[in-house]
Amino acid sequence: MSDTPSDAYRPDQVEAKWRARWAERRTNEPNLDSPKRPFYNLMMFPYPSAEGLHVGNMFAFTGADVYGRFKRLMGFDVFTPMGYDAFGIHSENYALKIGTHPGVLIPRNIRNFRRQLEGMGGMFDWSHSLSTTDPSYYKWTQWLFLQLFKAGKAYKKKAAVNWCPVDKTVLANEQVENGRCERCGALVEQRFLEQWFFRITDYADRLLGNLDRIDWSDTTLTAQRNWLGRSEGAEIDFAVASANSEPGTRNSERIRVFTTRPDTLFGATFMVLAPEHPLVARLTAPDRKAEVEAYVKAAAAQDLVSRKTGARDKTGVFIGAHAINPATGQPIPVWIADYVLMEYGTGAIMAVPAHDERDFAFATKYGLEIVRVLASETDAKSGRLAPLTEAEVETQGFVLVNSGPFDGAPAEQSKRAITEWLAEKGQGKPVVQYRLHDWCISRQRYWGPPIPIIYCEGCGPVPVPEKDLPVILPDIPDFRPDDSGISPLARHEEWYYVACPQCGARARRETDVSDTFLDSAWYYLRYPSTEFDDRPFDRKRTETWCPVTSYIGGNEHAVLHLLYSRFIAMVLHDLGQVTFEEPFTRFRAHGLIVKDGAKMSKSRGNVVIPDEYIAQWGADTFRLYLMFLGPFQEGGDFRDAGISGPRRFLDRVWSLVGEASNESGDELSKDIVVRWHATRKKVAEHYEVLHYNTAISALMELVNALKDTGCKDRNIVRDLVVMLAPLTPHFSEECWERLGQQGSVFDATYPQWDEALTVGSQVELPVQVNGKTRAKVMVNRGATQEQALAIALA
RNA sequence: GCCCGAGUGGCGGAAUGGCAGACGCAGCGGACUCAAAAUCCGCCGGGGGCAACCCCGUGUGGGUUCGACUCCCACCUCGGGCACCA
């Protein structure tokens, strides 16, 4: 109304004032040792880029912060830590590009992030922050590696790896997208290097099974299930016929295949081995040798890239050997082809062209026999089987044909029946396969934690004794990788050569650093224990705060980060280090903020930096605007046109607070009381499921109702301020103080609603005839159908 | 190709079996003002009617139901993930 200018809402003054108070009063630092109701509110820590926090980060962190603040008002001791995921190829590439050492850049970026994070008004406990690049942190990342090494969960092997010729490093399979480097887009090549792996595949069963009992976003659960890729099937042994291809003669070799379709065994008319299969050299007939070797060589040169992404034209070579189909007893030719992958199953398949698309294409191209062994029930009875023009891969309603004793049996049941039949003959067994591969954690780069292993001529690989941790990443000016595949660390001789911890002889350090995902796989364990420098995580603190109560982050980490974190938790659980095996009790994926319909990225030049908006509108208005854009878990398109709406709303609340402080004790109308209690209920319920946009609209409706009726009731206004507080923390603190309340609004309690008061005593009931609303009547709540009908008919 | 998710006014979105379009933005009209901004009041899916009202309307086509944005079937479009995984 007649707000004098001095009385107007001034975000700049309000926000600075309350941030200073929070710091001074340690408002955001819960008692970590003896909380009454601990609530660990975690959000995915950012990579501190040179560009600073962007709107996407701000959106994600605000949404998580709102939830934590709401839980605090609900009476929990909420711990909301924040840190920096600062190691990795991102930082290193940027450092190389601008010619500044990452050890200089990262602290600078972190200072900028800290300024921005404080500016957004998050409830962060800065007394428990961390950066993965800090030796006091990566000391324990190295310790973690040693625990896995000692438990036999880390091993080294020479393996075909994805090599990025631009970044000059090995990439995890997960970091290759369509055969190209996830970061720079270069075509990935195949190289063979000694790599450290973690045995995550040992945990495939548990990683899959536990998904049924954690409260996570469905999309994330689905992504993890797909990534694990469980397949039930059978391993079947095929005897090899003698090299001269004479039917009936056998040698001692066996080709073991994995199949999910043992029901089609009678239709297996040839076999295919991966070109790298160890049996290829032994089974190849002399007269086929030249051609086979040429194919194998070509496949190796072809690398993992075109293997997986190139044209799907099937190519292959007959190796001059035959195997015996254990069902039919017939000899079938053995081929090699690059569509069979060595890293999945046994690296060999039985080919059933009639019922597999790939085998069909291959058989058609090379004129191999196609035998139909499944048909619809009617076709099977009539005995008339039309030739196939494409592979028939369905099983529903299909029965076996051309399958000896199994003719007429339903396809689905025959999977098990045929496997059992083979098992009795000692030629097969049921098997479960996973798509998941072991986790390669080696990186031939500079900006990461050195893997704490020492190589000694006499002793072999020796773990660095825990008392010698951390193995400090040396500060070397020339950290540029070259294409030798040798880490830049090997060029730093005083660091590289070291006495063997066991025999004292001159030995060499491992020069690979570990994958950034290892840093982030355990950071949540460190936050509550940052002040302990003699242990990675304090047992009591961990038991008090972990597993994480609520974790919020982007679904781009649905598989990698979240899967690795779960794996590490399981290992630590099995080693007796932690009491839980699932680190994140509840996980919610937030949506993505896009700009003009496209993902924000530096290359598109559409990255929005929040600083200018915060400077112009204040953090609270900006937070409110971001949360009002749409459902938090769906994200939305960033358009700054709508930001004035939230600001107008705050101005209205501000003036309500000013007016309410001068009067009280209004006679409240029934309608207002219902609105008041209904709002308490609705807002709480919507916060709980992260529907912030509708929580905000409910608060707006309450304000509109107060304005429409001229109600300025103090108690309602006070509630409004509390309910709004998670979204607009500084603003609400100031309003709280202006209402004459003591202390922080975050030490208040979220107002309880009286369920009976959340609904009016009468409801308007639409009267519909043939689905059309014909009239509306007012009836008492709880009226019976007869009563309502009587009123309607009257 | 397979697996998820989504299609509602000019725009962001609400309603998950019961009055479609809450809330907000933009727009239009009015009040205040010398004027503008801000603020306040009103209108705001389409069509018809002087009016009370009536008809149509939630990607498309079918279905279930007294009643469908909501459930079922098929299809189209967009977004995301996986992709020669046997």
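A, B, ... follow the sequence lines: proteins, then strands. Residue 1 opens every chain.
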*Using a cut-off of strictly less than 4.0 Å, decide whether A:Arg648 has a side-chain nitrogen or oxygen near OP1 or OP2 of B:A38.*
no
*Is A:Asp651 salt-bridged to A:Arg647, cutoff N-O under 4.0 Å?*
yes
*Pull up the glycosidic torsion of B:G80 and say syn or anti, syn being anything within 90° of 0.*
anti
*If you measure from the P atom in B:C75 to the same atom in B:C4, how many Å do you get, rounded?*
14 Å
*Please tell me which of the listed nucleotides, B:C84, B:A86, B:G13, lies nearest to the side chain of A:Ile349?*
B:A86
*Name the closest nucleotide to the A:Tyr339 side chain, picking from B:C84, B:C23, B:A15.*
B:C84
*For the side chain of A:Glu701, counting heavy atoms from C-beta on, which of B:C23, B:C3, B:A86 is nearest?*
B:C23
*So does A:Arg225 pair up with A:Asp212, basic N to acidic O under 4.0 Å?*
yes
*Measure from the side-chain heavy atoms of A:Thr219 and tell me the nearest of B:A86, B:C82, B:C4.*
B:C4
*Pairwise P distance for B:A26 and B:G18, with rounding to whole Å*: 32 Å
*Please give, in whole Å, the distance from B:G81 P to A:Arg435 CZ?*
14 Å
*Quickly work out the A:Leu629 CG to B:C23 P distance and round it to whole Å.*
19 Å
*Given B:G12, B:A86, B:A26, which nucleotide is nearest the side-chain atoms of A:Ser231?*
B:A86
_Interatomic distance where CG belongs to A:Asp218 and P belongs to B:G5 [whole Å]_ = 8 Å
*Side chain of A:Arg639 - closest among B:C3, B:G12, B:A14*: B:G12
*Option passing side chain to side chain donor-acceptor pair (under 3.5 Å) with A:Thr694 (candidates A:Lys682, A:His686, A:Glu685)*: A:His686
*C1'-based separation of B:U8 from B:A20 [nearest Å]*: 8 Å
_Between B:C19 and B:G67, how many Å separate the two P atoms, rounded to a whole number?_
15 Å
*Round to the nearest Å and state the distance from A:Phe362 atom CZ to B:C84 atom P.*
17 Å
*Any idea how A:Phe632 and A:Tyr692 line up, ring-wise: parallel (<30°), tilted (30 to 60°), or perpendicular (>60°)?*
tilted
